[in-house]
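Order of the sequence lines fixes the chain letters, A, B, ..., with proteins taken first and strands second; residue numbering starts at 1 for each chain.
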Amino acid sequence: MRSLIVSDFDLAHTVQSAQPLAFFGDPSGDGNGVTYACGGSLVEARQAGSRLEYTAYGAIGGRRLDREIAARFRLEDDMRSVYAAIETDAFMRRATKRYRGLRITKNGPWETALCFVISQFNNVKRIRGIVKRLITAYGEEHALDSGGVRLSFRSFPEPEALAKAGVRDLMAHGAGFRARYIKALAEECSGSVDLGGLGGKGYEGAKEALMELDGIGDKVADCILLFGYGRLNAFPIDTWVQRAMERTYFGGRRQSIGRLHEFAEKRWGPYAGYAQQYMFWAFRNSGKGRAGV
DNA sequence: ACCCAGGCGGGCG
DNA sequence: CGCCCGCATGGG
């Protein structure tokens with residue numbers, strides 16, 4: 001067991017807020033911990049007050065595990081600067097107060113892309129179910145024997161595995177009309193498209209390239225940039241964020257997605273992604289947003 | 001029974 | 001460009 005002292009960090013809010021980690025990881029019973037597959041290792045993290053405790057089974061450990069945890073939960077983010085930038089009004093101050101410590105997580109581009117292609121026109125509970133069934137059906141199985149404790153788990157399915165799947169099979173796992181997007185995207189990412197290479201491009205160029213792919217439009221591209229590449233300026237606009245912004249800043253009048261992007265960039269700039277995540281989660285869990293978690 | 005969900009692609013004006 | 005529609009599926 002290793003640990004770090006953290007501040008402005010809340011693991012429960014982070015793992016419950018419908019980020020990729022919440023889709024492929026397993027939150028603990030009390031919601032204050034999470035278990036997730038990282039390559040061929042299984043990582044467990046838990047928070048006790050200001051202490052973030054974690055351990056891993058498999059090859060990863062020591063300093064490399066420290067770096068994985070720090071990167072995954074963006075422990076290096078200067079949250080004082082983030083809050084200073086996004087607490088622009090009463091609505092945002094309420095959101096950051098209610099969900100203080102919620103971090104954007106850093107996930108792999110591929111797993112982020114798949115999770116958010118599945119997310120379209122869907123709800124959080126069902127997204128989680130579909131992702132878990134795909135992991136069970138197509139994820140590589142890992143069996144470990146660490147100190148006499150045997151455990152087995154499956155890691156996130158690789159693009160190659162899903163490229164071989166049939167659309168009918170994907171639909172049988174509940175993917176619905178997204179099945180053909182999943183297959184096409186998996187074929188692209190296991191073939192001509194190098195998702196990792198997009199990390200070197202600028203925000204606009206990377207977004208344009210992502211939107212060339214099947215099932216990826218404006219919103220999903222921004223999700224991949226935010227949660228998969230760590231572009232904190234990316235501002236995904238889903239139905240919740242659109243409604244929240246229209247009610248809060250435009251007197252309830254309908255606004256185009258382009259207009260909302262413009263507003264967000266001007267108002268929150270380099271930390272717009274954090275503004276989005278607090279707005280999304282606060283509004284979705286409010287009376288107005290009305291939805292179970 | 002009815003409505004909606006972390007939207008996208010395609011067709012039309 | 002903008003607008004509108006269909007889309008699979010299950011939970012509230």
Side-chain angles (χ1 to χ4, degrees), chain A residues 13-25 95 99 102-105 107 109 111-134 165-186 188 207-229 231-232 234-247 253-262 264 272-293:
Chain A
H13 290 156
T14 300
V15 301
Q16 289 167 9
S17 62
Q19 301 188 220
L21 189 60
F23 297 143
F24 62 73
Y99 293 103
L102 167 56
R103 300 283 179 122
I104 299 292
T105 58
N107 309 273
E111 58 203 34
T112 306
L114 180 58
C115 284
F116 281 105
V117 161
I118 291 170
S119 80
Q120 64 175 89
F121 198 39
N122 210 341
N123 59 66
V124 170
K125 187 167 292 189
R126 213 162 76 86
I127 297 163
R128 197 175 290 136
I130 295 168
V131 170
K132 289 202 180 307
R133 285 190 292 277
L134 294 184
V167 172
R168 307 306 300 178
D169 298 319
L170 295 171
M171 291 191 79
H173 292 106
F177 65 88
R178 308 160 197 83
R180 62 185 182 86
Y181 296 151
I182 294 171
K183 182 169 177 60
L185 184 67
E188 289 167 327
K207 183 169 179 178
E208 201 174 323
L210 287 170
M211 289 177 64
E212 295 293 319
L213 305 179
D214 280 279
I216 299 180
D218 178 84
K219 189 268 178 183
V220 170
D222 271 326
C223 283
I224 299 169
L225 287 162
L226 179 59
F227 300 108
Y229 292 96
R231 302 296 181 88
L232 295 184
F235 189 81
I237 302 175
D238 70 328
T239 56
W240 301 102
V241 169
Q242 180 166 15
R243 284 206 298 273
M245 289 180 78
E246 287 168 350
R247 286 189 196 182
R253 294 185 302 278
R254 290 275 311 204
Q255 303 293 317
S256 71
I257 298 297
R259 178 75 193 86
L260 295 176
H261 274 304
E262 194 181 323
Y274 262 108
Q276 176 275 160
Q277 190 64 10
Y278 277 90
M279 184 188 312
F280 163 72
W281 198 235
F283 187 76
R284 187 183 176 281
N285 294 331
S286 72
K288 284 176 282 195
R290 159 181 94 48
V293 175

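- Arg128(A) places its CZ atom 15 Å from the C1' atom of dG10(C), with the value rounded to the nearest Å.
- The main-chain N or O of Gln19(A) is never found under 3.5 Å from a side-chain atom of Gln277(A) such that the two would form a donor-acceptor pair.
- In this structure, the side chains of Ser119(A) and Lys219(A) come closer than 4.5 Å at one or more pairs of heavy atoms.
- If you take CD1 of Ile127(A) and P of dG11(C), they are 14 Å apart, rounded to a whole angstrom.
- The CG atom of Asn122(A) sits 15 Å away from the C1' atom of dG12(C) (whole-angstrom rounding).
- In this structure, Arg126(A) places its CZ atom 12 Å from P of dA8(C), rounding to the nearest Å.
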- Query: Can you check side chain to side chain contact (heavy atoms under 4.5 Å, CB included) on Ile130(A) and Asn122(A), steps first, answer last?
  - Reply: CA-CA 10 Å; Ile130(A) 295 168; Asn122(A) 210 341; 3.6 Å; yes

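- Note on Leu213(A): only backbone sugar-phosphate atoms sit closer than 4.0 angstrom, heavy atoms only; bases stay farther off.
- Looking at heavy-atom distances under 4.0 Å, Ile130(A) makes no contact with the nucleic acid at all.
- Note on Thr239(A): only backbone sugar-phosphate atoms sit closer than 4.0 angstrom, heavy atoms only; bases stay farther off.
- Contacts of Gln242(A) with the nucleic acid, taken as non-hydrogen atoms under 4.0 Å apart, are absent.
- Salt-bridge annotation for Lys207(A) and Asp218(A): present, with a side-chain N of the basic residue lying under 4.0 Å from a carboxylate O of the acidic one.
- Nearest to the side-chain atoms of Val220(A) among the listed nucleotides dA5(B), dG10(C), dC8(B) stands dC8(B).
- Heavy-atom nearest nucleotides on DNA chain B were determined for Asp214(A) and for Cys223(A), and the one closer to the 5' end corresponds to Cys223(A).
- Atom-to-atom, CZ of Phe280(A) to P of dG7(B) comes out at 9 Å; the value is rounded to the nearest Å.
- Look at CD1 on Ile257(A): it is 10 Å from C1' on dG7(B), rounded to the nearest Å.
- If you measure from atom NE2 of His261(A) to atom P of dC1(C), you get 13 Å, rounded to the nearest angstrom.
- Stacking is not found between Tyr181(A) and the pyrimidine-like six-membered ring of the dC8(B) base under the 5.5 Å centre-distance and 30° plane-angle cut-offs.
- Here the separation of dA8(C) from dG10(B), taken at their P atoms, is 14 Å to the nearest Å.
- Phosphate proximity of dG12(C) to Lys125(A): present, with a side-chain N or O under 4.0 Å from OP1 or OP2.
- Remark: Arg243(A) is in phosphate contact with dA5(B), judged by side-chain N or O atoms under 4.0 Å from OP1 or OP2.
- A perpendicular orientation is assigned to the rings of His261(A) and Phe235(A), their planes being inclined by more than 60° (bins at 30° and 60°).
- Between the NZ atom of Lys183(A) and the P atom of dG9(B) there is a distance of 18 Å, rounded to whole Å.
- By the 5.5 angstrom centroid cut-off and the 30-degree plane limit, Phe177(A) is classified as not stacked against the base of dA8(C).
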